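Okay, so here's the structure we're looking at.
Quantities reported herein were computed from a predicted structural model and do not represent experimental measurements. In what follows, chains carry the letters A, B, and so on, assigned in the order in which the sequence lines appear, proteins first and then strands, with residues in each chain numbered from 1.
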2 protein chains.
Amino acid sequence: MAAIELGDVRRRRADRARQVADVLRRQVVNGVFGDGVLPAESCLVREFAASRNTVRDALDLLRGEGLIERCPGVGSVVVAEKYTHGFERLLGLGETLKGHGEVTNEVRTTGSFTPPQEISDRLALPPGEPVVYIERLRRIGGVPFSLDLTYIVRDLGEPLLEEDLVHNDVFVLLERLAGQPLGTAEMTMEAVNADPHSAAVLETPRGTALLMAERLTRLADGRPVDLEYIRFRGDRITMTGTLRRT
Amino acid sequence: MAAIELGDVRRRRADRARQVADVLRRQVVNGVFGDGVLPAESCLVREFAASRNTVRDALDLLRGEGLIERCPGVGSVVVAEKYTHGFERLLGLGETLKGHGEVTNEVRTTGSFTPPQEISDRLALPPGEPVVYIERLRRIGGVPFSLDLTYIVRDLGEPLLEEDLVHNDVFVLLERLAGQPLGTAEMTMEAVNADPHSAAVLETPRGTALLMAERLTRLADGRPVDLEYIRFRGDRITMTGTLRRT
């Protein structure tokens with residue numbers, strides 16, 4: 001009986017810590033703590049009407065996610081370097097972050113090859129038609145942000161390889177080469193654990209939560225031209241947007 | 001020198017395995033393999049123009065994500081139970097999955113309390129005004145899908161607690177109680193690793209990648225009424241939608 005009660009107390013404390021952590025997470029990511037220092041534990045105890053142990057557990061959760069660190073004599077400080085990316089407007093990373101951080105792309109692989117049927121189908125290409133492949137590790141402020149595998153139709157992909165891919169978004173280059181704007185993109189997003197090799201490339205512990213996106217982008221005339229598989233480091237990106245009931 | 005070359009070969013193989021896995025992942029989730037059995041390794045070798053080792057590594061990656069299993073004598077079979085949720089239209093889980101799986105909600109906690117200021121601010125409430133809190137573990141076909149922490153304004157939240165929360169979406173109930181439809185919601189999404197307690201509640205290994213959402217929902221008249229923090233099991237949800245360039 002005592003064991004059950006203790007279990008119950010532990011569960012309640014963990015539940016409360018999760019509630020507190022969820023509110024603080026958003027504040028940390030939104031930069032509410034202007035000086036980067038979280039309020040003292042005693043303030044948080046009052047603000048959340050929670051026990052000191054609960055507040056400590058909540059801070060532990062955020063530390064586990066790499067958002068804050070404990071600094072002796074200072075308290076809990078924000079170390080998150082998360083960037084916000086919209087899920088409504090189709091924008092490249094450099095466009096999104098204009099003025100907020102320098103994006104550089106390490107081009108790991110480029111080439112031309114005959115893709116598997118799934119990729120031909122998505123890009124509406126006849127079987128056997130080659131595509132251009134580009135693999136880039138993208139960094140913001142020098143720290144890995146995402147690993148992007150990109151398949152591009154040949155007539156745009158081949159001239160694209162002559163361009164400066166290190167400092168430019170593919171989207172911007174594609175529009176220039178195509179002589180028309182992009183139109184829409186179909187995107188799926190999932191959370192997956194990083195396999196050991198992807199984790200090593202992204203300089204993050206194996207098993208780290210990644211936001212994995214697949215995005216098929218079309219020109220304004222509706223033609224699909226760019227199929228990407230993107231692994232975002234979970235500790236570096238927040239996707240944001242508006243949903244509508246009707 | 002030999003060691004460098006070996007490292008190079010390993011890197012190339014891992015890079016190729018990732019490419020193959022990314023294409024197969026989408027096919028698995030989209031139900032392309034109607035009978036739930038993936039093509040034989042020799043077929044995948046031909047389809048992807050990859051070595052047998054690369055194909056095996058790719059299948060290992062998908063096994064690691066809990067999407068497929070190896071069955072002796074049969075091959076690789078799909079075990080994924082992923083559901084697709086849109087990120088454009090504001091729909092409850094039950095509404096989204098109508099006809100695709102039975103949603104049941106285990107109500108873990110309900111109550112009324114004075115929220116921290118962050119939550120008052122998001123819900124546009126004066127300081128000290130209580131809110132109703134509901135914590136639900138949502139299951140599809142009996143298997144945990146998400147853990148939802150929900151804060152609702154008192155005038156709607158109190159009558160909501162009298163309703164059947166086990167079998168109904170909060171959205172549908174809110175519209176009935178408010179006498180008007182919902183309007184829009186602001187949502188953020190992130191990938192985080194499950195802390196041990198959340199993992200235990202969601203019946204998934206600790207560290208599992210979760211899709212974590214915060215969603216503030218407004219009535220059609222613009223009034224914010226429902227603030228939710230939702231942990232989706234990464235192996236059970238795919239978010240999907242369309243992005244527009246302009």
Side-chain angles (χ1 to χ4, degrees), chain A residues 11 14-15 17-19 22-23 26-27 32 47-49 61 64-65 82 84 87-90 108-109 113-114 116-119 135 149 181-193 195 197-198 207-211 214-215 220 229 232 234 237-246, chain B residues 11 14-15 17-19 22-23 26-27 32 47-49 61 64-65 82 84 87-90 108-109 113-114 116-119 135 149 181-193 195 197-198 207-211 214-215 220 229 232 234 237-246:
Chain A
R11 175 187 141 166
D15 286 346
R18 188 190 299 114
Q19 293 168 21
D22 284 354
V23 173
R26 186 68 25 231
Q27 295 182 303
V32 166
E47 172 69 13
F48 288 94
L61 290 178
E65 295 175 23
K82 279 196 120 147
T84 299
F87 60 67
E88 293 172 296
R89 264 199 77 193
L90 182 60
R108 302 181 79 235
T109 312
F113 81 117
T114 304
Q117 195 193 332
E118 166 79 7
I119 289 180
E135 190 173 317
L149 319 190
L182 298 174
T184 60
E186 294 135 41
M187 186 159 79
T188 65
M189 283 185 287
E190 304 170 81
V192 301
N193 291 97
D195 65 88
H197 189 259
S198 298
T208 297
L210 304 178
L211 194 65
E214 193 219 60
R215 188 178 59 198
Y229 298 85
F232 296 100
I237 190 167
T238 299
M239 302 292 290
T240 186
T242 302
L243 293 83
R244 282 167 187 81
R245 184 63 167 163
T246 47
Chain B
R11 175 188 141 167
D15 285 347
R18 187 190 299 114
Q19 292 168 23
D22 284 354
V23 173
R26 186 68 24 231
Q27 294 182 302
V32 166
E47 173 67 14
F48 288 95
L61 290 177
E65 294 175 24
K82 279 197 120 149
T84 299
F87 60 66
E88 293 171 296
R89 263 199 77 193
L90 182 60
R108 302 181 78 235
T109 313
F113 81 117
T114 304
Q117 195 194 330
E118 166 78 6
I119 289 181
E135 190 173 318
L149 319 190
L182 298 174
T184 60
E186 295 136 40
M187 186 159 79
T188 65
M189 284 186 287
E190 304 171 80
V192 302
N193 292 96
D195 65 88
H197 189 261
S198 298
T208 297
L210 305 178
L211 194 64
E214 193 218 61
R215 188 178 59 197
Y229 298 86
F232 296 100
I237 190 166
T238 299
M239 302 292 289
T240 185
T242 302
L243 292 83
R244 283 169 186 79
R245 184 63 167 163
T246 46

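Between B/Phe87 and B/Thr242, the shortest heavy-atom contact is CE1-N, 4.1 Å. Pairing each heavy atom of A/Ala209 with each of B/Ala209, the nearest pair is CB-CB, 3.9 Å.
When each of B/Pro181, B/Ala17, B/Ser198, B/Ala49 is checked for heavy-atom pairs under 4.5 Å with chain A, B/Ser198 comes out on top. Most heavy-atom pairs under 4.5 Å with chain B: of the set A/Gly241, A/Gly234, A/Gly207, this distinction falls to A/Gly241. Chain A forms more heavy-atom pairs under 4.5 Å with one residue of B/Thr246, B/Leu182, B/Asp195 than with any other, namely B/Leu182. Per-residue heavy-atom pair counts under 4.5 Å with chain A were compared for B/Val23, B/Leu210, B/Val32, B/Ile119, and the maximum is reached by B/Val23. Annotation: maximal heavy-atom pairing with chain A below 4.5 Å, among B/Arg215, B/Glu186, B/Glu135, occurs at B/Glu135. The candidate from A/Gly64, A/Gly183, A/Ala220 with the greatest count of non-hydrogen atom pairs under 4.5 Å with chain B is A/Gly183. Ranked by non-hydrogen atom pairs under 4.5 Å with chain A, the options B/Thr184, B/Thr84, B/Leu61, B/Ile237 are led by B/Thr184. Highest contact tally toward chain A, considering only B/Gln117, B/Glu214, B/Glu65, B/Arg245, is held by B/Arg245 [criterion: heavy-atom pairs under 4.5 Å].
Salt-bridge formation is detected for the pair B/Asp15/B/Arg11: a Lys NZ or Arg NE/NH1/NH2 atom is positioned less than 4.0 Å from an Asp or Glu carboxylate oxygen.
Of the two parts of A/Arg108, the backbone and the side chain both hold a non-hydrogen atom closer than 4.5 Å to a non-hydrogen atom of chain B. The parts of B/Leu211 that come within reach of chain A are both its backbone and its side chain, each placing non-hydrogen atoms under 4.5 angstrom from that chain. With a 4.5 Å cut-off on non-hydrogen atoms, A/Gln19 touches chain B through its backbone and its side chain both. Residue B/Glu118 touches chain A through both its backbone and its side chain, counting heavy-atom pairs closer than 4.5 Å. The contact between A/Glu88 and chain B is made entirely by backbone atoms, counting heavy-atom distances below 4.5 Å. Contact annotation for A/Arg26: only side-chain heavy atoms (C-beta onward) come within less than 4.5 Å of a heavy atom of chain B.
Considering only heavy atoms from C-beta on, B/Met239 stays 4.5 Å or farther from A/Met239 through its side chain.
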